[in-house]
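See below for the structure under consideration.
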Amino acid sequence: MRNPSGDCVSLWCPVLFGSETSGIQAGAGFFLALLVLHSRFCASRLPPHLHLAFKISWRAEEILYRLDVDWPKYSEYFTGATFCVAVDSLNGLVYVAQRGDNIPKVLVFTEDGYFLRSWNYTVDTPHGIFAASTPQEKSVWITDVGSGFYGHTIKKYNSFGDLVQVLGTPGKKGTGLNPLQFDNPAELHVDDTGDIYIVDGDGGLNNRLIKLSQDFMILWLRGENGTGPAKFNIPHSVTVDSAGRVWVADRGNKRLQVFDKDTGDWLGEWKNCFSEEGPSAVRFTPDGKYVVVAQLNLSRLLILAAPPVGNIGDCSVVSTIQLADQVSPHLLDVSRETGAVYVAEIGAKQVQKYIPVNSEVLERWDLD
């Protein structure tokens with residue numbers, strides 16, 4: 001900056017650290033504005049080797065979530081690789097399924113983070129989990145990819161771990177439809193009518209999406225191994241939006257595929273957001289505004305703008321949550337009640353909770 005005589009003076013700016021993000025942002029913006037002015041008016045008066053050479057770029061990114069560091073209250077209950085998580089919003093419960101020897105396979109917490117109980121009965125190697133409770137019944141479904149007696153099945157339990165229903169041929173992988181067989185079933189979604197959508201499988205014989213009625217009759221089936229429309233390479237996660245569209249994380253093909261839930265017709269795909277890595281998990285926020293996607297090997301969550309009814313369009317990233325290296329978010333779920341995102345991290349062997357925040361804008365200044 002210049003003093004009254006027109007000479008350049010050095011810049012000195014005190015840095016104040018506080019708990020308020022807005023204060024830090026304002027301080028950073030003020031300091032960088034001074035740098036710009038100093039460079040504009042004073043750089044020509046300095047020797048060339050003392051010129052301050054920099055480039056400033058600005059972009060705004062919406063902050064949609066913050067980490068809830070108090071969830072769960074005690075993390076020592078995580079004793080294995082946490083592969084999946086499901087939220088029972090109706091009853092305020094969170095189910096976590098983990099893998100390991102001589103450990104409880106299913107942990108039950110409250111949405112506030114308090115541990116309630118665990119169970120292990122008939123669970124071999126859990127991969128996906130879904131809570132499908134009604135006012136009359138608390139239930140949770142688990143896809144099992146193990147090689148034991150209960151492997152290659154999809155099982156329904158009550159909240160205390162009592163086995164209620166088994167889909168598939170226990171202990172036998174296969175491609176058959178009558179009787180129904182699975183090979184490494186990855187995940188399922190149960191909608192409010194009781195219809196079931198299954199992605200089968202996680203690197204096994206099958207690459208398909210199956211819709212079952214509430215009495216377990218096959219309504220339609222789509223998919224085979226391939227890269228074209230309605231073909232899959234590791235269909236890994238499935239969900240249904242409020243517009244009646246079924247979304248599948250086609251992980252090996254680096255895309256999300258979309259189908260009509262009534263007819264099974266292919267509606268489109270999103271690929272442009274997944275050039276680095278395919279999606280391993282997909283869910284919608286309760287308001288239907290965003291799609292939350294996990295990318296396993298990048299240790300990253302993407303928050304995407306949900307498309308309007310009748311138009312899939314292209315993928316658009318609204319925000320990102322970059323996790324630590326090798327955290328490896330595998331599958332996730334979103335609370336219908338609070339909108340909180342629960343992420344099962346197989347690398348970190350934990351589940352983390354991210355809470356929606358009011359619309360904030362993070363002003364990022366990149367100096368080169």
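What's counted below: heavy atoms across the whole structure, side chains too, no hydrogens, waters or symmetry copies.
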Check whether T153 reaches the backbone of L167 with its side chain - one donor and one acceptor, N or O, closer than 3.5 Å. no
Would you mind checking if K155 and D144 are paired as a salt bridge, meaning a charged N to carboxylate O distance below 4.0 Å? yes
Using a 4.5 Å cut-off on heavy atoms from C-beta on, say whether the side chain of F130 contacts that of H189. yes
Assess, by modelled atom type and distance only, whether the side chains of Q352 and E345 contain a donor and an acceptor separated by less than 3.5 Å. yes
Less than 4.5 Å apart, side chain to side chain, heavy atoms only: is that true for L93 and F109? no
Inter- and intrachain pairs under disulfide (SG to SG under 2.5 Å), touching residues 212-331, at least two apart: C273-C315
Report yes or no: does S89 contribute a side-chain atom to a donor-acceptor pair with the main-chain N or O of S335 at less than 3.5 Å? no
Can you confirm whether T193 sits close enough to Q214 that some side-chain heavy atom of one is under 4.5 Å from a side-chain heavy atom of the other? no
Anything under 3.5 Å between a donor and an acceptor, one on a side chain of residues 66-73, the other on a protein residue two or more places apart or in another chain? List them.
{"unit_1": "D68", "atom_1": "OD1", "unit_2": "D70", "atom_2": "N", "d": "3.0"}
{"unit_1": "W71", "atom_1": "NE1", "unit_2": "T110", "atom_2": "O", "d": "3.3"}
{"unit_1": "W71", "atom_1": "NE1", "unit_2": "E111", "atom_2": "O", "d": "3.2"}

Got V96 and V106 here, is their nearest side-chain heavy-atom distance under 4.5 Å? no
Any side-chain heavy-atom pair from H236 and P279 closer than 4.5 angstrom? no
Could you check whether any side-chain heavy atom of H152 comes within less than 4.5 Å of a side-chain heavy atom of N184, counting everything from C-beta outward? yes
So, R251 side chain and D202 main chain: donor-acceptor pair closer than 3.5 Å or not? no
Go through Q350 and T82 one step at a time and tell me if the side-chain hydrogen bond (donor to acceptor under 3.5 Å, both in side chains) criterion holds. CA-CA 6 Å; Q350 65 182 4; T82 48; over 6 Å; no
salt_bridge(R283, D333) N-O dist < 4.0 Å: yes
Donor-acceptor check, side chain of S280 to backbone of A294, threshold 3.5 angstrom: yes or no? yes
Check for a donor-acceptor pair, side chain of W270 on one end and backbone N or O of G313 on the other, with a separation under 3.5 Å. yes
Between N206 and D183, is any side-chain donor less than 3.5 angstrom from a side-chain acceptor? no
Got a donor-acceptor contact below 3.5 angstrom from the T239 side chain to the W247 backbone? no
Checking side chain to side chain contact (heavy atoms under 4.5 Å, CB included) against Y197, which of L188, V240, V248 comes through? V240
Polar side-chain atom of T125 near backbone of G151 as donor-acceptor pair, under 3.5 Å: no
Heavy-atom closest contact (G176 atom, R208 atom, distance): O-NH2, 4.0 Å
With a 4.0 Å cut-off, would you call K261 and D195 a salt bridge? no
May I ask you to say whether D250 pairs ionically with R222, meaning some side-chain N is under 4.0 Å from a carboxylate O? no
Taking C-beta and beyond as the side chain, do L107 and Q98 meet within less than 4.5 Å on heavy atoms? yes
V145 side chain reached by R99 side chain, heavy atoms, under 4.5 Å: yes
Short question: side chain of K349, backbone of T79 - any donor-acceptor pair under 3.5 Å? no
Please answer whether the main-chain N or O of G168 pairs with a side-chain N or O of Q181 as donor and acceptor at a distance below 3.5 Å. no
Here's one to test your reading of the geometry: is the NZ or CZ of R255 within 45 degrees of the ring axis of F274 and under 6.0 Å from its centre? no
Drop me the distance from I154's CD1 to I129's CD1, to the nearest 0.5 angstrom. 12.5 Å
Tell me the closest heavy-atom pair linking P235 and A186, and the distance in Å. O-CB, 3.6 Å
Under 3.5 Å: donor-acceptor pair, side chain of D88, backbone of G92: no
For I234 and N207, the nearest pair of non-hydrogen atoms, with its separation, is N-OD1, 2.8 Å
Under 3.5 Å, is there a donor-acceptor pair between the Q322 and R300 side chains? no
Decide ring pair (Phe, Tyr, Trp, His ring centres under 6.0 Å) for H330 and F83; before the verdict, give the C-alpha distance in whole Å, the side-chain angles of both, and the deciding distance to 0.1 Å. CA-CA 6 Å; H330 184 245; F83 266 71; 4.9 Å; yes
Shortest non-hydrogen contact between V334 and P286, atoms and distance: CG1-CD, 3.9 Å
Is N102 atom CG crowded by more than 12 heavy atoms from other residues, nucleotides or ligands, each under 6.0 Å away? no
For a side-chain hydrogen bond (donor to acceptor under 3.5 Å, both in side chains) check, start with the C-alpha distance between S319 and Y65, then their side-chain angles and the critical distance, and finish with the verdict. CA-CA 9 Å; S319 184; Y65 297 92; over 6 Å; no
Donor-acceptor pair between S159 and R117 side chains, under 3.5 angstrom: yes
Identify the two heavy atoms, one from L267 and one from F259, that lie closest to each other, and give their separation to 0.1 Å. CD1-C, 3.7 Å
Salt-bridge present (K156, E137; N to O < 4.0 Å): yes
